[in-house]
Amino acid sequence: VAGEVARLDGLLDWYAPRRGAYPWRRPNPDPYAVLVSEVMLQQTQAARVVPAFESFMARFPTVEALAGAPAAAVLRQWSGLGYNRRAVALSRAARAIARNHGGQVPRDPGALASLPGVGPYTASAVASFAYGSGVPAIDTNVRRILARVFHGLEPAEVPAGDVRLTAEEAVDRTDPGAWNQALMDLGREVCRARPRCQACPVAKGCWSAGMLSDPAARARPRQPPFEGSLRQVRGAVIRELAAAGDQSVRSLVRRTGHVADRIAFAVAALSAEGMVEADPAALDGRVEGRVRLAESG
Ligand code: ADE
């Protein structure tokens, strides 16, 4: 995926006017406020979280305030948001933070994930939004975007581990919190289950752009090489290997008409899935590397 990060160029510019869209997005956010908002956002839409977040923070403005409150008071304040177990977990998390972390929300994703009600997604979200850690925060929206942009596939078609590797490479190291939240906004507003590719700031670099929203594009029999989806490149690689046997990446480029970096990307994906066997050189994207259909599996 190296060099592929440019596929998301334009994302942070698109996000800039959205930086202040929610009360939990402050320039130097209070990590406790970020934790509260992320637990609320786990199962409730952002627009509904806004008023609940503001009244919750007014009632329990600090870790200590929350840790010192009876669970029943926290539940009463939570009511309306639903999924009430989150309130109980948040109350326990506040006590654990007060007791074990000196009242400071931990910054380490591992320590965060050991708090009640904080899973890997919420841990990464808090670490990046509150502390600027360069970790991706992968929720279903983000998984969908990355699968489409980098793999040319829908999320169910890409192994979760592949999406994670892609996300780790793609995350912006200068402002990971903005990066992660930008992807969330993009998933909510643009790259929805039924995407709005015409409005998308990263359509230019997306393997899937136009394919999903424009049925005519999908039905078109021949795509120019640069516009083929990764699915098509993968199909072409398998077809040529089946027809002509072992060959180099160079030969696959010539026979399929797709450029080398796309062939190499497809070969790496097919190799990870056990569909083809590839020399290390081919996996490195070198045109002399050889590729064959896997004999087993
Ligand atoms: N969904 C989850 N976390 C979010 C955030 N920080 N901003 C907007 N939507 C979100």
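Remember, it's 1-based here, ligands and their atoms both numbered in the order they're listed.
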Inter- and intrachain pairs under ring pair (Phe, Tyr, Trp, His ring centres under 6.0 Å), touching residues 93-142, at least two apart: none
Salt bridge present between Asp139 and Arg144 (N-O < 4.0 angstrom): no
Side chain to side chain donor-acceptor pair (under 3.5 Å) involving Ser124 - partner list, sequence neighbours excluded: none
I'd like the atom pairs linking ligand 1 to the protein - N or O on both sides, separation under 3.5 Å - with distances to 0.1 Å.
residue: ligand 1; atom: 3 (N); partner: Glu38; partner atom: OE1; Å: 3.1
residue: ligand 1; atom: 3 (N); partner: Glu38; partner atom: OE2; Å: 2.8
residue: ligand 1; atom: 3 (N); partner: Tyr121; partner atom: OH; Å: 3.3
residue: ligand 1; atom: 6 (N); partner: Trp24; partner atom: NE1; Å: 3.3
residue: ligand 1; atom: 6 (N); partner: Glu38; partner atom: OE2; Å: 3.0
residue: ligand 1; atom: 6 (N); partner: Gln181; partner atom: OE1; Å: 2.8
residue: ligand 1; atom: 7 (N); partner: Trp24; partner atom: NE1; Å: 3.4
residue: ligand 1; atom: 7 (N); partner: Arg25; partner atom: NH2; Å: 3.0
residue: ligand 1; atom: 9 (N); partner: Arg188; partner atom: NH1; Å: 3.2
residue: ligand 1; atom: 9 (N); partner: Arg188; partner atom: NH2; Å: 3.3

Co-members of the apolar cluster containing Tyr83 [side chain, <4.5 Å]: none
salt_bridge(Arg234, Glu157) N-O dist < 4.0 Å: no
Donor-acceptor contact present, side-chain Glu189 to main-chain Arg196, <3.5 Å: no
